[in-house]
Student: 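Quick one: the structure is below, questions incoming.
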Amino acid sequence: MAVANTEHLLEVNNLKKYFPIKGGILRHTVGTVKAVDGVSFTVRRGETLGLVGESGCGKTTTGRTILRLEQATSGEVLFEDKDVLKASSRQMKALRRDMQIVFQDPYASLDPRITVGQSVAEGLVIHGIGTPKEREERVREVLAKVGLHASQINRFPHEFSGGQRQRIGIARALIMEPKLIVCDEPVSALDVSIQSQVLNLLRNLQREFGLTYLFIAHNLSVVEHISDRVGVMYLGKLVELASREDLFREPLHPYTKALISAIPNPDPTARRERIVLQGDVPSPINPPAGCRFHPRCWIARPICSEQDPEFAEKRKGHWAACHFAGEF
Amino acid sequence: MTTAPHRSTDPSQEILRVTGLKTHFFTDEGVVQAVDGIDIVLHRGETLGIVGESGSGKSVTSLSILRLVSRPGRVVAGTVFFDGVDLLTLNDEEMRTIRGNRISMIFQQPTTALNPVFRVGDQIIETLEIHQGLKGEEASGRCRELLAMVGLPDPNRRMKQYPHELSGGQCQRVMIAMALACNPELLIADEPTTALDVTIQAQILDLMRALREKINTSIILITHDMGVVAEMADSVAVMYAGQIVEYADVRSLFTDPKHPYTQGLLNSMPMLGHVRDELAVIPGTVPSLINPPSGCRFASRCSQRFEACDRDPAMLELAEGRRVRCWLYAEKR
């Protein structure tokens, strides 16, 4: 049982989320997708924990399960030592004020039929905070904070560009004065010049309001830029977790090393080692036995196909799940 | 492996020359000047990267070259000389003998670019039948060869599969196999790796590099990813709001960008291993192309704007193969 710890805002223990696959005429369960399969980490107050991985690795499902947008299969999520997964709906409503989310697609995540003002105020209305007048005042304040004009309060989402919509999404989260914001690919849909505007905004808001971010993304350069610590996921499992400096300078897991080396470098004069992984990510329905990465791993040895490596602290604050961590 | 040295190209062997290309879309809201005066010269064996953000006109440029712009869009001006012939003057019949044969294309979404109701093998064989006149066992033999060449294991089984049975990376390999079926002289790749994960992207880029060496095809690579351009291209055209604003060899572009937009673009990217506290920002957004601002189209977002920018800047040639559309470099300000 966790001891009260003020340093940790969020603690995730052995979180699992399996999706059933239905098939046949009677829609029997014919298999399970192990989207998240035993993930444990903590997020410290005021930090940004980046979660990276390729499509289908379970990073988004992890974020959604923590917020109970998906029902966890098993595991434990402690937010300020309160058990989120066991909270009643009343307790959950209170918790949701403190835990907000910003979604990936700014085109799909806003209701096209209500004005930006109504959209941003929605959380306040649901929680019965303030009078209509106070709420409008607050909406104007928050819109200004995210770099939008208060005069745009009566406009509809289609009148805004992608970057502006993402600012609206951030305003919706921010107005609840949350402690934690799960940012699920918040800049992937944006052009580079707009992406940097939003990344700077997120960082400035974090400093001003002491926010904690769980930042989920597939783009390693973006994650390196914004994160204090970074976790790497592969096929539903966390394979490495370390401070940003350690992870990018000295990755211990072969997957992390390959991932970093695969990023095209915007410097035509650079010469570097490239590890090109063969094959595709295997299916999470029947993940490979032993270490899930072993069929694509270039340092795999016989033990890797037999025994699942433990996610262990290999160096101080540097965790990895590999039998031969760092032995490249 | 290290980055491949950029191959020398033969300037006497020009394969494509696009001059003054304009493609407009006649919509109910007005005329969208999607491509507004593009000049491109491509040599045999050269890879030209076209970079720009969404709506800059890079995809429309490639569609215009292939004459695939559909209504309400239309090429309204310019010439596209491919191996000495202006493609814009050909009739549809003549164009079909070039498209898919001497010029081919790879699209961004491999899973939607393939026909879902036909087997992968049949789709490749169709190309071979139409353009190369191959039949029966000859065609399927060549198909197997192509699938093996793009690194798909077990070609016999793959040929019998439908696109939905393949992953995104595998579909893109099939697209590449199809594009290369006729040994094209020019390959246009529109965001070929954008929909793919980085480890798969690395595989596809490796494959494209290897095939380029093998059949010495010229490539126009359209992308928004500066990293992909740096690794693949010999020369680069930066597009903004329907125009090319800078044209340079890849090394110069990254070490000494001239146009304020290029500079802003490079500085606003988070770069692996170079963490900065604050990313540079290009304020504002891309202007509407229905009524683009008069004068320089980037002026409203430019930090170095001055009086001259109210007038349209001409493309200035700073050196051989080094052009920039910006008043900062005009001799007489």
Side-chain angles (χ1 to χ4, degrees), chain A residues 52-57 147 160-164 187 189-201 203-204 218-227 234 244-245 248-249 255 258-281 283 296, chain B residues 1-3 6 52-56 151 153 167-170 193 196-203 205-206 223-233 236 249-255 261 264-286 301:
Chain A
V52 286
E54 299 181 278
S55 35
C57 71
F160 293 87
S161 67
Q164 287 174 319
V187 297
L190 307 176
D191 272 319
V192 203
S193 73
I194 308 300
Q195 173 180 299
S196 64
Q197 294 175 4
V198 172
L199 288 175
N200 285 346
L201 172 69
R203 178 167 283 201
N204 293 338
H218 70 280
N219 184 326
L220 266 86
S221 320
V222 167
V223 166
E224 187 195 25
H225 173 76
I226 195 112
S227 307
Y234 186 78
R244 169 183 72 194
E245 291 81 8
F248 284 94
R249 204 183 310 131
Y255 176 64
L259 206 55
I260 293 171
S261 87
I263 299 164
N265 190 348
D267 177 1
T269 58
R271 293 182 155 269
R272 68 203 165 102
E273 187 191 10
R274 155 148 310 154
I275 302 152
V276 176
L277 292 179
Q278 299 307 310
D280 283 313
V281 179
S283 156
R296 301 176 80 196
Chain B
M1 202 181 88
T2 53
T3 317
H6 291 286
E53 299 180 277
S54 30
S56 61
S167 70
Q170 289 168 340
T193 57
L196 307 174
D197 277 317
V198 272
T199 60
I200 309 300
Q201 166 170 289
Q203 294 173 4
L205 293 181
D206 252 21
T223 177
H224 70 281
D225 188 327
M226 286 296 210
V228 172
V229 168
E231 297 209 346
M232 297 292 292
V236 187
D249 66 276
V250 70
R251 216 168 257 252
S252 310
L253 189 92
F254 283 89
T255 53
Y261 176 63
L265 214 51
L266 289 172
N267 287 330
S268 61
M269 268 187 324
M271 256 173 85
L272 216 59
H274 302 270
V275 176
R276 290 162 288 179
D277 188 49
E278 190 95 336
L279 293 169
V281 158
I282 305 177
T285 47
V286 181
R301 303 176 73 187

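Throughout, a chain's letter reflects where its sequence line sits, starting with A, and its residues are numbered from 1.
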Student: Taking the side chain as C-beta and beyond, is there a heavy-atom pair between B:L279 and A:Q197 under 4.5 Å?
Tutor: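 Not in contact.
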Student: I'd like to know which of B:L196, B:L253, B:V275 tops the heavy-atom pair count under 4.5 Å against chain A.
Tutor: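 Most heavy-atom pairs within the cutoff with chain A belong to B:V275.
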Student: Side chain from CB out, backbone as N, CA, C, O: work out which of these in A:S161 comes under 4.5 Å of a heavy atom of chain B, or both, or neither.
Tutor: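 A:S161 touches chain B through side-chain heavy atoms alone.
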Student: Which distance, rounded to the nearest 0.5 Å, do you find between the CD1 of A:I275 and the OH of A:Y255?
Tutor: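 Between A:I275 CD1 and A:Y255 OH, I get 12.5 Å after rounding to 0.5 Å.
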Student: If you tally heavy-atom pairs under 4.5 Å against chain B, which of A:L277, A:I194, A:N265 wins?
Tutor: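 Option with the greatest count: A:N265.
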Student: Look at B:M271, B:H274, B:H224 and state which one has the largest set of heavy-atom pairs under 4.5 Å with chain A.
Tutor: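 Sorted descending by pairs with chain A, the first entry is B:M271.
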Student: Would you check if B:E231 and A:R274 make a side-chain contact, meaning some heavy-atom pair closer than 4.5 Å?
Tutor: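 Heavy-atom side-chain distance check passes, below 4.5 Å.
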Student: Which atoms of A:V276 come close to chain B, meaning under 4.5 Å heavy atom to heavy atom: side chain ones, backbone ones, both, or neither?
Tutor: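 For A:V276, the side chain is the part near chain B, not the backbone.
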Student: Quick one: does B:R251's side chain get under 4.5 Å of A:T269's, heavy atoms only?
Tutor: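 They are in side-chain contact.
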Student: Relative to chain B, which segment of A:Q278 carries a heavy atom at a distance below 4.5 Å: side chain, backbone, both, or neither?
Tutor: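 A:Q278 touches chain B through backbone heavy atoms alone.
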Student: Side chain from CB out, backbone as N, CA, C, O: work out which of these in A:I226 comes under 4.5 Å of a heavy atom of chain B, or both, or neither.
Tutor: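 The answer is neither part of A:I226.
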Student: With a 4.5 Å cut-off on side-chain heavy atoms, are A:Q164 and B:T285 touching?
Tutor: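 The answer is no; the side chains never approach within 4.5 Å.
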Student: Under a 4.5 Å heavy-atom cut-off, does chain B meet the side chain of A:R249, its backbone, both or neither?
Tutor: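 For A:R249, neither part sits under 4.5 Å from chain B.
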Student: Under 4.5 Å from any heavy atom of chain A, what part of B:Q201 do you find: side chain, backbone, both or neither?
Tutor: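 Contact with chain A: side chain only.
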Student: Given heavy-atom pairs under 4.5 angstrom as the criterion, report whether the side chain, backbone, both or neither of A:N204 touches chain B.
Tutor: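 A:N204 touches chain B through side-chain heavy atoms alone.
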Student: Test of understanding: with salt bridge (Lys or Arg N to Asp or Glu O under 4.0 Å), list the residues that count as partners of A:R203, not counting sequence neighbours.
Tutor: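 Expected list: B:D277.
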Student: Evaluate side chain to side chain contact (heavy atoms under 4.5 Å, CB included) for B:F254 paired with A:D267, printing each intermediate quantity in order.
Tutor: CA-CA 6 Å; B:F254 283 89; A:D267 177 1; 5.5 Å; no
Student: Are any of the side-chain heavy atoms of A:S193 and B:R301 separated by less than 4.5 Å?
Tutor: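 The answer is yes; the side chains approach within 4.5 Å.
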Student: Tell me, for A:L199 versus chain B, whether the close heavy atoms (under 4.5 Å) come from the side chain, the backbone, both or neither.
Tutor: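 Side chain only.
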Student: Of the backbone (N, CA, C, O) and the side chain (C-beta and beyond), which part of A:Q195 lies under 4.5 Å from a heavy atom of chain B, both, or neither?
Tutor: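 Interface part for A:Q195: side chain.
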